Every structure is written in C-alpha cells, then in structure tokens.
Novice: 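Starting off with a structure, shown below.
Small disclaimer: the values here were computed from a predicted structure and weren't measured. The basis for the numbers below is simple: all heavy atoms, side chains too, and nothing from hydrogens, waters or symmetry mates.
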Amino acid sequence: MKITTGFLFGFSLLASGLLPQARAQTAPPQAFRSMPAQGAVGYVDAIAGLAYTDNALLSSGPGKKSDGIAALGIATDYARAGMLSLDLLGNVERVQYLHNSYSGSFYGQFNGSAVLGKNTDPLQWRLSESFGEVMTDPLQAPTPQSLQTINDVATGPSLNLHFGLRNRLTLSAQYSRTTYQRSPIDSQSYEGGLKLSHALSGASYVALEGSVGRTEYLERAALEQLSGQNASDFDLWQGSLVFHADYVRTTVRLRAGYNELKFGGGAGRHGAPLYQLRVSRNISPFSTVFFDAEGKYSMNGAALASTNALVGLQTGATLNASLAVAQPYNERSGSVGWDFRRARTSFSVTATVRQTLYVQQLGPALDNNHLDEGVAVRLGRQLRPRTAVQLWARGYDDHYSGLHARTRRESFGLSFSKRFYRLAVSFYAERIHQSGTAGASNFVASSYNDDRVGVYATYNLFGARGRGAGLNGIPGMAGFMGGY
C-alpha cells in the first residue's frame with residue numbers, strides 16, 4: 001500500500017484534546033469567520049465493531065461466502081477555534097475479514113483542517129487532509145478489491161490585510177498532493193489565490209475571488225501506458241463574485257463566475273460557468289431545510305472536501321463511491337433535504353443528483369461520463385433517556401451513457417442503541433442490494449444481495465454529540481455498517 005493516511009487526523013485529535021480553548025477576542029465582523037468565535041463543539045469517539053455477512057464476496061452466483069468483519073477506528077464531528085483552529089468530520093476504521101475473504105484495509109471518509117493563526121492575525125497557515133474511497137470499475141460491487149483509498153493533503157499560507165473593520169484582502173498559496181492506493185494517477189498541484197471581501201454587516205459580506213493552479217501527474221509513463229493516450233498537465237483558472245450571509249435562521253451563499261482549463265502541449269482549452277447556490281433555513285426551532293446547487297471543474301482529490309462529499313458522509317457515500325480517474329471533470333450537482341429533531345424523535349431526508357462530464361477520457365473504460373441520483377431517509381426514536389432505535393433507507397441510481405450501463409443500489413436497516421455514560425452499544429441489521437445492466441459487450445455490471453447483522457460500540461474520548469450526528473447522545477451508524 002503506497003499511501004500513508006491520517007497524519008493530520010491523528011495530530012488534530014491530539015491537539016484538540018490538549019490545547020486550551022480560545023479566548024474571546026476583538027475581530028473583524030462575524031461574517032469573515034468560518035468557525036465559532038471561541039470554544040469547541042462536537043465530539044470524538046473511538047469505534048469497535050463486529051459484523052456477520054452472508055455474502056462477503058458480493059457475488060450473485062453460487063459462490064456466496066459468509067464471513068465475519070471486525071472494525072476498529074475513530075468517528076468525529078468536531079470544531080474549535082483559537083490560535084490553532086480545527087474542523088474535523090468523518091470516520092476512519094481498520095476493517096479485517098475474520099476468514100480472510102479479503103485482506104485488512106482502511107475504510108471510511110474524513111475531511112479535516114487545521115489553521116495556525118487567528119482571524120485577526122496577518123499570517124495564517126492551513127493544513128488539510130481528505131481521505132476516502134474510489135471505484136476502479138464503476139459497474140462492479142463495492143468490495144475491497146474494486147475499491148481503493150485516495151488521500152489528498154494540502155498546505156499553505158494566507159496573508160490577511162485588513163483595511164478598516166469592513167474590508168479585507170487575503171492572498172494565499174497552496175501545495176496539494178493526491179495519492180491513490182493502486183492506480184498510477186497520483187498528482188500534485190500548485191495554486192495561488194486572492195480574495196477581496198467587504199462586510200455588508202456583522203452577518204454578511206461580498207467578495208471577489210480568483211485563483212490559478214497547475215496540476216502535474218507524478219506517474220505519467222505508467223498512466224499513458226494504462227490509457228494508451230498522452231496525459232497532459234493542466235492549468236485551472238477561476239474567478240467569481242460571492243455573497244455570503246449568516247442570519248439568525250437563514251444561511252445563504254451565492255457564487256457566480258467562470259472557470260477555464262488549459263492543457264499543456266496544445267491539448268486544448270475548455271471553459272464553463274462557475275456557480276453555487278446554497279440556502280439553509282430553520283423553519284422552526286426543530287426543523288431545517290436546505291438546498292445546494294453547484295457547478296465547477298474539479299478532480300477527485302478536491303471533490304473529497306466538497307459540500308456534497310460531506311453530505312455523503314451522513315448518507316452512505318461508499319455505496320456510491322467516485323471513480324478512480326486521473327483527468328479533471330465538469331461536475332454539476334444539487335441536493336435538497338429536510339432535518340427534523342424534537343424531544344425524542346428525529347427524521348431526515350436528503351436527495352442528491354450529480355452529473356460528471358470528463359474533459360478528457362483517460363483509462364481503460366474511456367467514456368466515464370455519468371449521472372448519479374440518490375436519496376437517503378433516516379428515522380430515529382428515543383425510547384428512554386439512554387435508549388434509542390433508528391431506521392434508515394438509501395438508494396442510488398447511476399447511469400453511464402458512454403458504456404450504455406446502469407447500476408442501482410439500495411440498503412435498508414434497523415439499529416437499537418443503549419448508552420452507558422461515555423460508552424454506547426448498538427445492534428443492527430441491514431440488507432444491501434445491487435442490480436446492474438450493461439449494453440457494451442466488454443463490460444459486465446454486477447448484481448448481488450448482502451444481508452448482515454452486527455454490534456458496535458463507541459466510547460466518547462472527549463466532546464459531546466450534537467453537531468449533526470446521533471439522536472440525543474445516541475450514536476449514529478458506524479462507517480463499516482453500510483460499506484463493503
């Protein structure tokens with residue numbers, strides 16, 4: 001395995017427990033901040049679990065094999081502000097098949113960032129890491145054999161120049177490196193950007209943003225041998241106007257601009273609109289609705305940290321993992337959802353759609369353009385102060401136009417949880433189904449059923465649940481429950 005994962009994950013968890021919380025400070029308007037002004041919110045939990053599956057190989061024929069699965073890891077949804085600010089979301093686990101259906105591997109998704117320096121400081125330094133899975137073959141079942149891990153690490157400084165209390169100019173530079181577990185499509189990127197912001201009030205601002213970046217393939221010869229085509233480095237230019245507002249009950253973010261890709265060696269230039277509309281509204285003290293629409297050029301590494309990826313963390317992202325591809329793509333996505341939490345009952349529903357159009361086609365499958373649609377529903381009920389039950393259903397429908405192929409995945413599950421102070425134990429049962437059709441003779445879309453039952457325990461290391469996960473202190477799903 002050529003990736004080492006989680007160095008930011010481990011460092012930031014340690015720092016969040018050891019460093020003191022931020023003190024109150026005089027700062028620019030709240031609109032310029034991306035985290036709470038002081039203190040910490042969220043939790044960090046240790047996870048351990050055992051599961052039984054009747055179809056470890058996710059096969060449709062007579063070769064079904066049952067197996068046990070053990071998992072050990074960390075789950076977090078945590079943020080703190082101060083001289084060292086942290087924002088952590090995700091779960092990462094080591095998964096082991098007890099009867100060796102597959103070798104042990106890391107599993108999960110994680111987005112984390114650490115920023116050294118306060119908002120009022122002229123110089124800040126940011127380190128971020130994203131970890132997840134991608135599919136080698138989009139039509140196969142999501143087993144450890146067809147999935148591979150991807151890790152994206154980015155770091156760089158930001159120079160903040162304040163002109164009065166309402167105006168701020170930020171100049172930034174960033175280096176990032178994206179590595180894959182097996183595919184020879186590792187890359188590194190260099191990016192410079194500027195952001196000129198003007199606070200309209202203590203809760204809103206407008207900004208002019210621009211950036212230019214260059215991406216280089218680190219294993220070009222192996223990539224070209226795999227694809228049979230030239231792999232060109234490329235530049236990405238972006239410019240946009242942004243409006244952002246955090247009101248008492250409503251959050252709005254509007255972005256409009258243009259982005260352009262330029263490939264080296266005269267391989268071409270491509271441009272497209274750059275846009276985003278994000279609205280979240282607390283329609284009552286217990287109920288929130290949200291809508292998000294976005295269009296931009298991206299790559300797998302950058303997409304791991306996107307808004308829709310974070311939504312995926314709560315709705316079973318590995319059931320609908322992205323493709324392991326090298327080339328950039330034009331992604332158009334949208335999501336809408338409703339979240340209800342009151343007293344002993346919680347309910348959430350999220351619907352997503354994503355169209356991915358590749359500017360260049362590199363790889364054995366060649367035409368990977370696809371349209372993904374998904375929906376996730378979850379219902380929770382607290383039976384007693386420390387006891388809860390949850391029901392969930394998720395479904396994804398993926399269309400690959402160039403391959404004339406389609407896959408559909410659904411899962412349904414039930415869990416029962418009991419909390420003992422910092423320790424919580426959950427029992428669950430889940431059924432996963434995939435059906436696939438492929439019109440191209442060179443490709444086969446797999447179909448399978450997988451029934452599993454299991455138990456997992458979480459131990460709260462520090463913090464408390466309540467920033468978007470769990471029901472009144474009862475843990476949500478552990479990552480490995482809805483995975484392979």
Novice: Taking T76 for its side chain and Y43 for its backbone only, find out whether a donor-acceptor pair lies under 3.5 Å.
Specialist: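 Present.
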
Novice: Looking only at side-chain N and O atoms, does Q188 offer a donor or acceptor that is under 3.5 Å from a partner on E216?
Specialist: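 Looking only at side-chain atoms, Q188 and E216 do form a donor-acceptor pair, the distance falling under 3.5 Å.
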
Novice: Give, for atom OG of S417 and atom OH of Y428, the distance between the pair rounded to the nearest 0.5 Å.
Specialist: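 Going from OG on S417 over to OH on Y428, the span is 12.0 Å.
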
Novice: If you apply the rule side chain to side chain contact (heavy atoms under 4.5 Å, CB included), what do you find for R332 with Y275, and how did you get there?
Specialist: CA-CA 9 Å; R332 306 164 186 171; Y275 61 87; 3.9 Å; yes

Novice: Within the structure provided, determine whether S204 and Y247 are in side-chain contact (heavy-atom separation under 4.5 Å).
Specialist: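 Yes, close enough: below the 4.5 Å cut-off.
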
Novice: Looking only at heavy atoms, which two atoms of N151 and S130 are closest? And how far apart?
Specialist: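 What the structure gives for the nearest pair is OD1-O, 3.2 Å.
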
Novice: So do the side chains of S105 and T149 get within less than 4.5 Å of each other, counting heavy atoms only?
Specialist: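 They are not in side-chain contact.
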
Novice: When you check the side-chain N and O atoms of E133 and Y107, is any donor under 3.5 Å from an acceptor?
Specialist: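 No, because no side-chain N or O of E133 sits under 3.5 Å from a partner of the opposite role on Y107.
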
Novice: If you take all heavy atoms of D398 and R409, which pair is closest and at what distance?
Specialist: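 Distance-wise, the nearest heavy atoms are OD2-NH1, 3.5 Å.
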
Novice: Atom CG in N91, atom CZ in F131: separation rounded to 0.5 Å?
Specialist: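 The CG atom of N91 sits 10.0 Å away from the CZ atom of F131.
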
Novice: Would K262 and D235 pass as an ion pair if we require N to O under 4.0 Å?
Specialist: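 Salt bridge: no.
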
Novice: Distance from D77 atom CG to L89 atom CG, nearest 0.5 Å?
Specialist: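 Going from the CG atom of D77 to the CG atom of L89 covers 5.0 Å.
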
Novice: Is it true that a side-chain atom of Q124 and a backbone atom of K118 form a donor plus acceptor pair closer than 3.5 Å?
Specialist: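 Between the backbone of K118 and the side chain of Q124 there is a qualifying donor-acceptor contact (under 3.5 Å).
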
Novice: Would you check, one step at a time, whether the test side chain to side chain contact (heavy atoms under 4.5 Å, CB included) holds for F416 with L383?
Specialist: CA-CA 10 Å; F416 175 83; L383 305 178; 4.0 Å; yes

Novice: Suppose we screen for salt bridge (Lys or Arg N to Asp or Glu O under 4.0 Å). Which residues come up paired with D121, at least two apart in sequence or across chains?
Specialist: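 So D121 forms no salt bridge (Lys or Arg N to Asp or Glu O under 4.0 Å) with any residue.
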
Novice: Could you tell me whether the side chain of Q148 and the main chain of R182 form a donor-acceptor pair under 3.5 Å?
Specialist: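 It does hold such a pair.
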
Novice: Excluding sequence neighbours, so at least two apart, what forms side chain to side chain contact (heavy atoms under 4.5 Å, CB included) with S103?
Specialist: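 Partners of S103 by the side chain to side chain contact (heavy atoms under 4.5 Å, CB included) criterion come out as none, since no residue qualifies.
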
Novice: May I ask you to test the V349-V377 pair for a side-chain heavy-atom distance under 4.5 Å?
Specialist: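 V349 reaches V377 side chain to side chain.
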
Novice: Calculate, to the nearest 0.5 Å, the distance between atoms OH and CZ belonging to Y456 and F427 respectively.
Specialist: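 Reported value, rounded in 0.5 Å steps: 11.5 Å.
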
Novice: Has the side chain of R214 got a donor or acceptor atom that lies under 3.5 Å from a matching backbone atom of Y190?
Specialist: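 No; judged by distance alone, with no hydrogens or angles, the pair does not exist.
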
Novice: Would you say the side chain of T350 lies within less than 4.5 Å of the side chain of F290, judging by non-hydrogen atoms?
Specialist: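 Counting from C-beta outward, F290 and T350 do come under 4.5 Å.
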
Novice: Do you know the tightest heavy-atom contact between Y258 and G271?
Specialist: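 Distance-wise, the nearest heavy atoms are OH-CA, 3.1 Å.
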
Novice: Distance only, no hydrogens: is a donor on one side chain within 3.5 Å (strictly under) of an acceptor on the other, for D246 and H244?
Specialist: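 Side-chain D/A pair, D246 to H244: present.
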
Novice: Whether the side chain of T178 engages the backbone of D186 through a donor-acceptor N/O pair (distance < 3.5 Å, no angle test) should be reported.
Specialist: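 Between the backbone of D186 and the side chain of T178 there is no qualifying donor-acceptor contact (under 3.5 Å).
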
Novice: Just checking, is any N or O donor in the side chain of R394 or S411 under 3.5 Å from an acceptor N or O on the other one?
Specialist: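 Indeed, the side chains of R394 and S411 share at least one donor-acceptor pair under 3.5 Å.
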
Novice: Work out which heavy atom in Y180 is nearest to a heavy atom in S183; give both atom names and the distance.
Specialist: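 Smallest heavy-atom distance, with atoms named: CB-O, 3.7 Å.
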
Novice: Got D233 and Y217 here, is their nearest side-chain heavy-atom distance under 4.5 Å?
Specialist: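 In contact.
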
Novice: Given 3.5 Å as the limit, does a donor-acceptor pair link the side chain of N259 with the main chain of A272, or not?
Specialist: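 Confirmed, N259 side chain pairs with A272 backbone.
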
Novice: Under 30°, 30 to 60°, or over 60°: which ring-plane class applies to Y97 and Y102, parallel, tilted or perpendicular?
Specialist: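 Because their plane-to-plane angle is over 60°, the rings of Y97 and Y102 count as perpendicular.
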
Novice: So, do H270 and F263 sit near enough that their side-chain heavy atoms are less than 4.5 Å apart?
Specialist: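 Yes, close enough: below the 4.5 Å cut-off.
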
Novice: Distance only, no hydrogens: is a donor on one side chain within 3.5 Å (strictly under) of an acceptor on the other, for R341 and S346?
Specialist: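 The answer is no; no qualifying pair exists.
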
Novice: Quick one: does S146's side chain have a donor or acceptor within less than 3.5 Å of a partner on T143's backbone?
Specialist: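 Checked: pair present.
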
Novice: Going by atom types only, do R249 and N282 share a side-chain donor-acceptor pair under 3.5 Å?
Specialist: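 No donor-acceptor contact under 3.5 Å links the two side chains.
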
Novice: Look only at the side chain of E93 and the backbone of G73, and say whether a donor-acceptor pair between them is shorter than 3.5 Å.
Specialist: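 Flag not set: sc E93 to bb G73 has no pair under 3.5 Å.
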
Novice: Counting only heavy atoms not in Y421, do more than 12 fall under 6.0 Å of its OH?
Specialist: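 No, because the 6.0 Å sphere around OH of Y421 holds 12 heavy atoms or fewer from other groups.
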
Novice: Closest approach of N119 and H162, non-hydrogen atoms and distance?
Specialist: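 Of all heavy-atom pairs spanning N119 and H162, the closest is O-NE2, 3.5 Å.
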
Novice: Distance from R422 atom CZ to L461 atom CG, nearest 0.5 Å?
Specialist: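 Output value for this atom pair is 8.0 Å.
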
Novice: Indicate yes or no: at least one non-hydrogen side-chain atom of F106 is less than 4.5 angstrom from one of Q181.
Specialist: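 Heavy-atom side-chain distance check fails, nothing below 4.5 Å.
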
Novice: For the NE2 atom of H370 and the CD atom of Q355, what is their distance to the nearest 0.5 Å?
Specialist: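 Here the interatomic distance stands at 9.5 Å.
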
Novice: Hey, does S176 have a side-chain heavy atom less than 4.5 Å from the side chain of E191?
Specialist: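 No, too far: nothing below the 4.5 Å cut-off.
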
Novice: Could you go through V153 and L127, starting from their C-alpha distance and side-chain angles, then the distance that decides it, and tell me whether this counts as side chain to side chain contact (heavy atoms under 4.5 Å, CB included)?
Specialist: CA-CA 8 Å; V153 177; L127 173 64; 4.1 Å; yes

Novice: Checking S335 against T352: is there a side-chain donor and acceptor pair closer than 3.5 Å?
Specialist: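 On atom types as modelled, these side chains do not qualify, holding no pair under 3.5 Å.
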
Novice: Ignoring hydrogens, what is the shortest heavy-atom contact between N160 and T170? Give both atom names and the distance.
Specialist: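 Nearest pair, atom of N160 first, then T170: OD1-OG1, 3.1 Å.
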
Novice: Verify side chain to side chain contact (heavy atoms under 4.5 Å, CB included) between L147 and M135, making sure each step is shown before the conclusion.
Specialist: CA-CA 5 Å; L147 287 168; M135 292 283 290; 3.4 Å; yes

